[in-house]
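This report refers to the structure that appears directly beneath it.
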Amino acid sequence: MSAGEKAKAKAEQMTGKVKKEAARSVDDESAAAEGAGRKSKGDLRQAKEKIKDAFKD
(Lines give C-alpha, C1' and ligand atoms only; values in the text may rest on other atoms or scores of the structure.)
Protein backbone atom coordinates (compact mmCIF):
# COMPACT_ATOMS: atom_id res chain seq x y z
CA MET A 1 0.00 0.00 0.00
CA SER A 2 1.51 3.29 -0.99
CA ALA A 3 1.96 5.74 1.83
CA GLY A 4 -0.16 8.39 0.13
CA GLU A 5 -3.12 6.09 -0.46
CA LYS A 6 -2.85 4.69 3.06
CA ALA A 7 -2.94 8.21 4.48
CA LYS A 8 -5.96 9.11 2.33
CA ALA A 9 -7.83 6.04 3.54
CA LYS A 10 -7.06 6.72 7.21
CA ALA A 11 -7.95 10.41 6.87
CA GLU A 12 -11.24 9.55 5.21
CA GLN A 13 -12.06 7.00 7.90
CA MET A 14 -11.31 9.42 10.72
CA THR A 15 -13.14 12.33 9.10
CA GLY A 16 -16.19 10.15 8.59
CA LYS A 17 -16.13 8.82 12.13
CA VAL A 18 -15.79 12.29 13.66
CA LYS A 19 -18.53 13.73 11.46
CA LYS A 20 -20.86 10.84 12.24
CA GLU A 21 -20.38 11.11 16.00
CA ALA A 22 -20.66 14.90 16.01
CA ALA A 23 -23.86 14.77 13.99
CA ARG A 24 -25.33 12.07 16.24
CA SER A 25 -24.65 14.21 19.29
CA VAL A 26 -26.85 17.00 17.89
CA ASP A 27 -29.43 14.62 16.36
CA ASP A 28 -28.63 15.46 12.73
CA GLU A 29 -29.42 12.17 11.01
CA SER A 30 -28.52 13.26 7.46
CA ALA A 31 -25.06 14.46 8.49
CA ALA A 32 -24.58 11.27 10.53
CA ALA A 33 -25.42 9.20 7.46
CA GLU A 34 -22.98 11.26 5.38
CA GLY A 35 -20.27 10.68 7.97
CA ALA A 36 -20.96 6.95 7.99
CA GLY A 37 -20.76 6.94 4.21
CA ARG A 38 -17.43 8.73 4.24
CA LYS A 39 -16.06 6.25 6.78
CA SER A 40 -17.23 3.35 4.61
CA LYS A 41 -15.55 4.91 1.61
CA GLY A 42 -12.30 5.07 3.57
CA ASP A 43 -12.72 1.43 4.61
CA LEU A 44 -13.21 0.40 0.99
CA ARG A 45 -10.20 2.43 -0.14
CA GLN A 46 -8.06 0.69 2.48
CA ALA A 47 -9.35 -2.75 1.46
CA LYS A 48 -8.60 -1.99 -2.20
CA GLU A 49 -5.03 -1.05 -1.38
CA LYS A 50 -4.54 -4.20 0.70
CA ILE A 51 -5.78 -6.32 -2.20
CA LYS A 52 -3.42 -4.55 -4.58
CA ASP A 53 -0.53 -5.24 -2.19
CA ALA A 54 -1.48 -8.92 -1.92
CA PHE A 55 -1.27 -9.38 -5.70
CA LYS A 56 1.86 -7.26 -6.01
CA ASP A 57 4.01 -9.94 -4.34
Side-chain angles (χ1 to χ4, degrees):
M1 180 187 270
S2 72
E5 290 297 316
K6 185 176 182 180
K8 282 183 188 178
K10 284 293 182 184
E12 203 153 31
Q13 289 171 331
M14 290 305 295
T15 302
K17 187 173 183 176
V18 168
K19 185 170 188 169
K20 177 184 169 188
E21 295 304 320
R24 287 180 68 200
S25 70
V26 294
D27 292 327
D28 186 353
E29 291 299 318
S30 65
E34 184 180 328
R38 183 169 287 177
K39 183 182 181 306
S40 294
K41 186 177 177 184
D43 292 341
L44 290 172
R45 182 185 302 254
Q46 185 177 31
K48 176 191 80 166
E49 291 301 318
K50 285 182 178 181
I51 290 169
K52 283 175 32 181
D53 285 345
F55 286 105
K56 190 181 266 188
D57 295 336

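A quick note: this is a predicted structure, and the numbers were derived from the prediction, not measured.
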key: pair Arg45-Glu12: side-chain heavy atoms closer than 4.5 Å   = yes
message = Rounded at 0.5 Å granularity, tell me how far NZ in Lys39 sits from CG in Leu44.
response = 10.0 Å
inquiry  = For Lys19, is there an ion pair with Glu34 - N to carboxylate O distance below 4.0 angstrom?
reply    = yes
message = Which heavy atom of Ala23 sits nearest to which heavy atom of Ala32, and what is that distance?
response = CB-N, 3.3 Å
NZ-CE distance between Lys17 and Met14, expressed to the nearest 0.5 angstrom = 6.0 Å
Gap between atom NZ of Lys10 and atom CD of Gln13 - 0.5 Å precision = 5.0 Å
